[in-house]
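To start, the structure under review is shown below, and the notes come after it.
All ligand and atom numbering here is 1-based and tracks the order in the structure. Just so you know, these numbers use all the heavy atoms, side chains as well, and skip hydrogens, waters and symmetry mates.
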Amino acid sequence: MTEPYDAIVIGGGPAGMMAAIEMAERGLRVLIAERNKLLGRKLRITGKGRCNITNNCDFDTLIQNICQGGKFMYSSLRRFSNQDVIDFFETHGLETVTERGGRVFPASQKAYDVAELFANVIRALKIPVLYECRVQKLLLNEDTPGCIMGVSAIVCGKMRKIPCKNVVLATGGITYPLTGSTGDGYALAKQVGHTIVPPKPSLVALKCREKATCAALEGLSLKNVSLRLEKGEKRLYEDFGEMVFTDTGVSGPLVLSASRHVTDDSVYKIHIDLKPGLSRQQLDTRILSDFSKYEKKDFVNALDDLLPKRMIEAIVSRSGIPARQKVSCITREQRMKLVDILKDFTLTPYEPASIDQAIVTAGGISLSEVEPKSMRSKLCPNLYFAGEVLDVDAYTGGYNLTIAFSTGFTAGNFVEG
Ligand SMILES: Cc1cc2nc3c(=O)[nH]c(=O)nc-3n(C[C@H](O)[C@H](O)[C@H](O)COP(=O)(O)OP(=O)(O)OC[C@H]3O[C@@H](n4cnc5c(N)ncnc54)[C@H](O)[C@@H]3O)c2cc1C
């Protein structure tokens with residue numbers, strides 16, 4: 001057998017690449033094993049091709065935006081925070097811009113540039129990458145029970161055993177499987193006794209019972225609306241921003257984040273405030289002003305200033321006011337109904353879209369078996385975890401990549417040669 005690597009990183013996504021870079025910078029001999037023909041395949045499609053690399057928020061907000069594992073992430077984020085993510089990119093020559101909601105993107109607006117930056121740093125540090133290498137098994141040391149002495153993998157169709165002193169498992173979750181994230185890490189971790197919290201879709205479109213309404217509005221994006229998700233009387237999520245209708249329901253940043261809370265078969269309700277900047281009184285005044293401008297028109301033709309054109313039919317139909325009723329004949333009671341609909345356009349989500357289409361996997365390696373300070377397994381002293389393979393997930397806004405970068409750096413920082 002050849003001289004073992006100090007570490008093999010399984011998975012060349014953002015978490016694995018960051019871990020490898022940190023280890024190489026500390027002088028360790030590292031190998032990245034990646035099943036694809038290129039690094040960071042999922043990274044290249046993030047943020048609709050723009051890659052929302054992190055969020056420029058304060059530490060508390062960062063933690064609050066982590067739906068599962070916020071406490072676990074505390075130490076790692078103290079070691080490598082969102083500000084460190086920005087510094088990392090800037091010092092490696094990638095300019096960043098901060099947009100609405102603190103979302104940080106590359107100034108070039110290209111996820112490709114983010115992935116290529118990593119590939120270039122990895123090349124510059126002379127970190128070997130074994131492409132088309134799908135790790136299938138951890139090889140355990142019979143002399144030191146519970147310790148890993150290498151991995152076995154199918155490399156370009158051939159079985160190979162690669163010796164190493166440590167493993168960083170950074171295989172991602174099970175969403176968008178065509179990018180290479182098919183949940184292999186769960187089976188590998190199970191091999192040394194780790195518990196897997198069952199994976200579920202998170203940050204995913206929601207199918208709604210009002211199928212005809214949604215299908216008619218498919219592709220319509222609503223900006224600056226507020227969305228509230230409720231289960232019975234309980235308010236589960238509320239925020240302000242953007243959403244989009246799909247052929248079967250709703251999606252877009254607000255919905256993706258809300259979807260994290262649709263976890264069972266209970267009855268959920270989405271309440272959309274189409275005019276969150278106006279109180280009911282102010283909205284009524286605004287409608288009155290439009291109605292006086294369009295007093296000779298039919299109701300259906302009097303809403304152009306108030307709503308996107310495609311939304312008008314749905315609102316008219318829900319208001320109960322006949323489309324062809326003259327505006328001058330609309331009663332106060334009817335107007336109040338219109339205000340109700342605009343302030344509370346409700347939908348009934350019944351099911352998340354399939355896990356294949358989810359942005360992130362909720363669930364993964366149980367955090368109780370991982371040291372938060374170092375990302376080291378509590379069951380296997382030379383196994384470390386990084387990224388989405390862990391049972392950590394966050395809302396949209398750059399938080400999930402922040403988790404990947406931070407845990408990758410932390411694992412890489414603690415591995416010993
Ligand atoms: C469409 C989309 C858009 C997104 N946009 C954003 C965004 O803008 N901002 C944000 O913060 N988050 C975003 N995310 C989430 C983010 O991409 C993930 O959280 C992040 O990529 C996780 O990084 P990772 O390194 O843990 O896993 P991955 O990126 O999934 O990487 C895992 C790697 O491991 C490799 N691998 C798996 N199994 C094996 C094996 N057995 N052997 C060898 N290699 C293996 C895979 O091929 C893959 O390259 C988005 C996700 C999607 C799907």
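Considering backbone and side-chain N/O of R134, none are found under 3.5 Å from N/O of ligand 1. For ligand 1, one of its N or O atoms has an N or O atom of V135 under 3.5 Å away.
Residue contact check for ligand 1: L43 places no non-hydrogen atom closer than 4.0 Å to it. Ligand 1 is approached by T179 to a heavy-atom distance shorter than 4.0 Å.
Atom 13 (C) of ligand 1 has as its closest protein heavy atom T46 CG2, 3.9 Å. Counting only heavy atoms of the protein, atom 30 (O) of ligand 1 lies nearest to S181 OG, 2.7 Å. In this structure, atom 25 (O) of ligand 1 lies nearest to the protein heavy atom A15 N, 3.0 Å. Ranking protein heavy atoms by distance to atom 41 (N) of ligand 1, first place goes to D184 OD2, 2.8 Å. Ranking the protein heavy atoms by distance from atom 27 (O) of ligand 1 puts G172 CA, 3.3 Å first. Protein heavy atom closest to atom 53 (C) of ligand 1, with residue, atom name and distance, is Y176 CD1, 3.4 Å. For atom 19 (O) of ligand 1, the closest non-hydrogen atom on the protein side is E388 OE1, 2.8 Å. Looking only at protein heavy atoms, the nearest one to atom 38 (N) of ligand 1 is T171 CG2, 3.5 Å.
Under the 6.0 Å distance and 45° angle rule, R318 counts as a cation-pi partner of F345. A cation-pi arrangement is present between R78 and F59, with the terminal nitrogen or guanidinium carbon under 6.0 Å from the aromatic centre and inside a 45° cone about the axis.
The residue among G16, G47, A19, G397 with a heavy atom at the shortest distance from atom 7 (C) of ligand 1 is G47. Considering only non-hydrogen atoms, atom 21 (O) of ligand 1 lies nearest to P14 out of P14, G13, G11, A386. Closest heavy-atom approach to atom 51 (C) of ligand 1 among the candidates I359, I174, L401, T402: I359. The residue among R103, K42, E34 with a heavy atom at the shortest distance from atom 48 (C) of ligand 1 is E34.
The ligand atoms of ligand 1 that sit less than 4.0 angstrom from a heavy atom of N36 are 47 (O). In the vicinity of G387, heavy-atom distances shorter than 4.0 Å reach the ligand 1 atoms 26 (O). For ligand 1, the atoms sitting less than 4.0 Å from at least one non-hydrogen atom of R35 are 36 (N), 37 (C), 38 (N), 39 (C), 43 (C), 44 (N), 45 (C), 47 (O), numbered in the order shown with element in parentheses. Which parts of ligand 1 touch C133 is read off a 4.0 Å heavy-atom cut-off, strictly below it: atoms 42 (N), 43 (C). For ligand 1 and A404, the ligand atoms under 4.0 Å from any heavy atom of the residue are 23 (O).
Contact annotation for A153 and ligand 1: no heavy atom of the residue comes within less than 4.0 Å of the ligand.
Residue Y294 forms a side-chain contact (heavy atoms from CB on, under 4.5 Å) with just one option from D305, N301, L303, and that option is D305.
Using modelled atom types and a 3.5 Å distance limit, the side chains of S354 and D356 yield no donor-acceptor pair. If you check the side chains of S76 and T410, you find a donor sitting under 3.5 Å from an acceptor. In the model, Q83 has a side-chain atom that pairs as donor or acceptor with a side-chain atom of N56 under 3.5 Å.
Residues F245 and M311 have side chains in contact (heavy-atom distance under 4.5 Å, counting atoms from C-beta outward).
Side-chain N or O atoms of R228 include none that pairs as donor or acceptor with a backbone N or O of D273 at under 3.5 Å.
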Task: Stepwise salt bridge (charged side-chain N to carboxylate O under 4.0 Å, His left out) test for D290 and R286 - done: CA-CA 6 Å; D290 283 7; R286 165 76 203 274; 3.6 Å; yes
